[in-house]
Amino acid sequence: MKKFKLTSLILAAAMAVGLSACSGGDTANSGNDGGASADGYKVGVIQFGSHPSLDNCYQGVEEALKAAGITDIDRQDGNFDSATCDTIAKNMVAKNYDIIYAIATPAAVSAYAAAANTDIPVIFCAVSDPVAAGIVDDMAAPGGNCTGTSDILDFSSQVALIQALQPDVKKIGVLYTTSEANSISQLASLKEVAEAKGLEIVDQGVQGAADVPQAAATLAAKVDCINNFTDNNVVSNLTVLLEQANSAGIPVYGSEVEQVANGCIASISIDYVALGKVTGEMGIRVLNGESAGTIAVGQITEGTPVVNTEVMERFNITLPEAYADAEKVTTNTEAAAE
């Protein structure tokens with residue numbers, strides 16, 4: 001593997017102002033089909049699919065790479081299909097990329113499998129439980145040639161927020177995809193927190209997008225509210241979930257600010273752009289000679305309360321004084337209509 005050039009770091013300072021306006025989220029490749037970047041690197045990014053959380057992750061990765069002088073990035077979209085991610089990963093390995101970034105658990109699993117028995121490092125982003133996904137041995141000492149960042153949610157603060165907005169809440173619903181390891185792990189963590197507070201978690205599993213409408217309707221009829229994870233299948237079908245919940249007259253709590261802006265009532269939100277930047281910088285450390293397996297999995301542990309004032313008004317919920325400083329958003333009507 002090439003050593004990361006000091007000139008790239010020097011160049012980063014000169015480019016910082018110009019790069020501050022860069023943005024991500026484009027589902028097209030931003031490179032030239034894997035061609036070597038200006039400094040000689042071939043950098044691949046596999047994004048499981050395009051929804052606001054994952055797009056923000058890519059924006060952060062891209063900003064970190066460009067700040068270090070790496071401007072030719074081959075980003076490819078898996079369209080929420082694991083088989084497509086497998087194919088993309090195998091092609092990147094066949095082209096002998098210097099490093100592969102993978103955004104979301106299914107993309108990370110594909111990249112990890114394809115890069116096994118090679119010297120190509122895999123740097124993942126937004127993988128809630130990389131140990132359960134089988135791509136690292138331990139959060140502190142990942143082992144192998146893979147590391148990255150986790151977006152594990154602060155369920156204690158999330159449940160406290162739900163109880164503050166709905167003091168009489170008894171049953172919290174969860175819609176999750178049975179094949180997403182991150183969702184299974186998050187469900188177990190949420191149950192542990194909720195049960196300690198005397199609340200019941202009612203979960204409803206789905207296998208794919210086609211299952212979401214009926215499952216959401218069934219779940220909404222049983223609970224006082226629904227709490228959404230970073231489940232990629234559910235997030236990409238958030239509009240459907242919100243329609244069913246609104247019909248049943250119950251609010252949906254999101255897992256980050258974009259979900260709240262798209263119609264959820266509130267969330268303890270992490271900054272996915274910041275998470276992406278941390279991920280991008282971890283990869284630069286690897287290009288600079290560090291072993292991926294020795295770099296602890298990164299996390300952003302502080303969440304910010306976010307509330308949708310329009311949705312709160314619709315449900316006749318008053319913002320408690322304890323959350324007076326929460327970030328306030330209104331519904332992104334364009335996104336909610338998609």
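- A 4.5 Å side-chain heavy-atom check between Val234 and Phe229 finds every atom pair outside the cut-off.
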Original post:
What do the steps show when you test Glu243 against Thr239 for side chain to side chain donor-acceptor pair (under 3.5 Å), and what is the final call?
Top reply: CA-CA 6 Å; Glu243 287 174 353; Thr239 301; over 6 Å; no

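- In this structure the side chain of Asn246 reaches within 4.5 angstrom of the side chain of Phe315, judged on heavy atoms.
- Between the side chain of Gln166 and the backbone N or O of Asp168 there is no donor-acceptor pair closer than 3.5 Å.
- Between the side chains of Glu313 and Thr309, not a single donor N or O lies within less than 3.5 Å of an accepting N or O.
- Within the 4.5 Å cutoff, side-chain heavy atoms of Ile135 are placed close to those of Phe124.
- Listed for the Ser128 side chain is no donor-acceptor partner under 3.5 Å among the backbone atoms of Ile152.
- Here Arg75 pairs with Asp77 in a salt bridge; the nearest charged N to carboxylate O distance falls below 4.0 Å.
- Between the side chain of Gln259 and the backbone N or O of Ser255 there is at least one donor-acceptor pair closer than 3.5 Å.
- For Thr294, the side chain to side chain contact (heavy atoms under 4.5 Å, CB included) test picks out Ser291, with sequence neighbours left out.
- Counting only heavy atoms from C-beta outward, the side chains of Tyr272 and Thr230 approach each other to under 4.5 Å.
- For the pair Ile120/Asn145, no side-chain contact is recorded, criterion being any heavy-atom separation below 4.5 Å from C-beta on.
- Side chains of Val273 and Glu63 form a contact here, defined as non-hydrogen atoms less than 4.5 Å apart.
- Using modelled atom types and a 3.5 Å distance limit, the side chains of Glu180 and Asn233 yield no donor-acceptor pair.
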Original post:
After noting the C-alpha distance and the side-chain angles of Val169 and Cys225, does the key distance pass the side-chain contact (heavy atoms from CB on, under 4.5 Å) rule?
Top reply: CA-CA 8 Å; Val169 66; Cys225 65; 4.0 Å; yes

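- Looking at Ser53 and Glu256, their side chains do bring a donor and an acceptor atom within 3.5 Å of each other.
- Atom NZ of Lys170 has 12 or fewer heavy atoms from other residues, nucleotides or ligands within 6.0 Å.
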**OP:** Show the numbers, then the answer: is there a side-chain contact (heavy atoms from CB on, under 4.5 Å) between Lys328 and Leu319?
**Re:** CA-CA 10 Å; Lys328 299 170 182 65; Leu319 186 65; 3.8 Å; yes

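- Under the 4.5 Å side-chain criterion, counting only non-hydrogen atoms from C-beta, Tyr41 is not in contact with Leu65.
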Original post:
After noting the C-alpha distance and the side-chain angles of Asn237 and Phe80, does the key distance pass the side-chain contact (heavy atoms from CB on, under 4.5 Å) rule?
Top reply: CA-CA 11 Å; Asn237 291 280; Phe80 300 105; over 6 Å; no

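- A continuous path of ILVMFWY side-chain contacts below 4.5 Å connects Val202 to Val212, so both sit in one hydrophobic cluster.
- Here the shortest heavy-atom pairing between Ala266 and Leu161 reads CB-CD2, 3.8 Å.
- Ile103 and Cys57 make their closest contact through CG2-CB, 3.8 Å (heavy atoms, listed as atom of the first residue, atom of the second, distance).
- Rounded to the nearest 0.5 angstrom, Asn288 CG and Glu281 CD are separated by 13.0 Å.
- Val122 and Leu287 end up in different hydrophobic clusters when Ile, Leu, Val, Met, Phe, Trp and Tyr side chains are linked at under 4.5 Å.
- Rounded to the nearest 0.5 angstrom, Asn262 CG and His51 NE2 are separated by 11.0 Å.
- No side-chain donor-acceptor contact under 3.5 Å links Asp86 to the backbone of Ser110.
- A distance-only check finds no donor-acceptor pair linking the side chain of Asp203 to the backbone of Val174 [under 3.5 Å].
- Residue Ile265 holds its CD1 atom at 8.0 Å from CG of Asn308, rounded to the nearest 0.5 Å.
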Subject >> Steps toward side-chain contact (heavy atoms from CB on, under 4.5 Å) verdict (Asp129, Thr105) >> reply: CA-CA 8 Å; Asp129 193 340; Thr105 301; over 6 Å; no

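- With hydrogens and angles disregarded, a donor-acceptor distance shorter than 3.5 Å links the side chain of Asp224 to the backbone of Lys171.
- No single ILVMFWY cluster, assembled from side-chain heavy atoms under 4.5 Å apart, contains both Val131 and Leu187.
- The minimum heavy-atom distance linking Ala111 with Ile100 is given by the pair CB-CG2, 4.0 Å.
- In summary, the side chains of Thr177 and Ser183 do not present any donor paired with an acceptor at a separation below 3.5 Å, with no hydrogens or angles considered.
- Considering all non-hydrogen atoms of both residues, Ile123 and Ala292 come closest at CD1-CB, 4.4 Å.
- Asp154 places a side-chain N or O within donor-acceptor distance of the main-chain N or O of Ser157, the cut-off being under 3.5 Å.
- Each of Val307 and Leu238 belongs to its own hydrophobic cluster when Ile, Leu, Val, Met, Phe, Trp and Tyr are linked at side-chain heavy-atom distances under 4.5 angstrom.
- Taking a 6.0 Å sphere around CD of Gln207, one finds it holds 12 or fewer heavy atoms contributed by other residues, nucleotides or ligands.
- Listed by chain and number, the residues in a side chain to side chain contact (heavy atoms under 4.5 Å, CB included) with Ala104 are Phe48, Leu54, Pro106, Asn232 (sequence neighbours excluded).
- Between Ile46 and Cys85, the shortest heavy-atom contact is CG2-SG, 4.1 Å.
- Using a 4.5 Å cut-off between side-chain heavy atoms of Ile, Leu, Val, Met, Phe, Trp and Tyr, with links allowed through other members, Ile162 and Phe155 fall into the same hydrophobic cluster.
- One distance of note links CD of Glu62 with OG1 of Thr71; it measures 10.0 Å at 0.5 Å rounding.
- Side-chain contact check for Val306 versus Cys264: every heavy-atom pair is 4.5 Å or farther apart.
- Looking at Glu310, its side chain never comes within 3.5 Å of a backbone N or O of Gly263 through a donor-acceptor pair.
- No donor-acceptor pair under 3.5 Å is formed between the side chain of Asn79 and the backbone N or O of Asp81.
- From Thr87, atom OG1 reaches atom CE of Met92 across 11.5 Å, with rounding to the nearest 0.5 Å.
- Rounding to the nearest 0.5 Å gives a distance of 9.0 Å between OG1 of Thr147 and CE of Met139.
- Of all heavy-atom pairs between Pro142 and Cys146, the closest is CB-O, 3.3 Å.
- Salt-bridge check for Lys95 with Asp74: failed, with every basic side-chain N at 4.0 Å or more from each acidic carboxylate O.
- Looking only at distances, no side-chain donor or acceptor of Asp231 sits under 3.5 Å from a matching main-chain atom of Tyr176.
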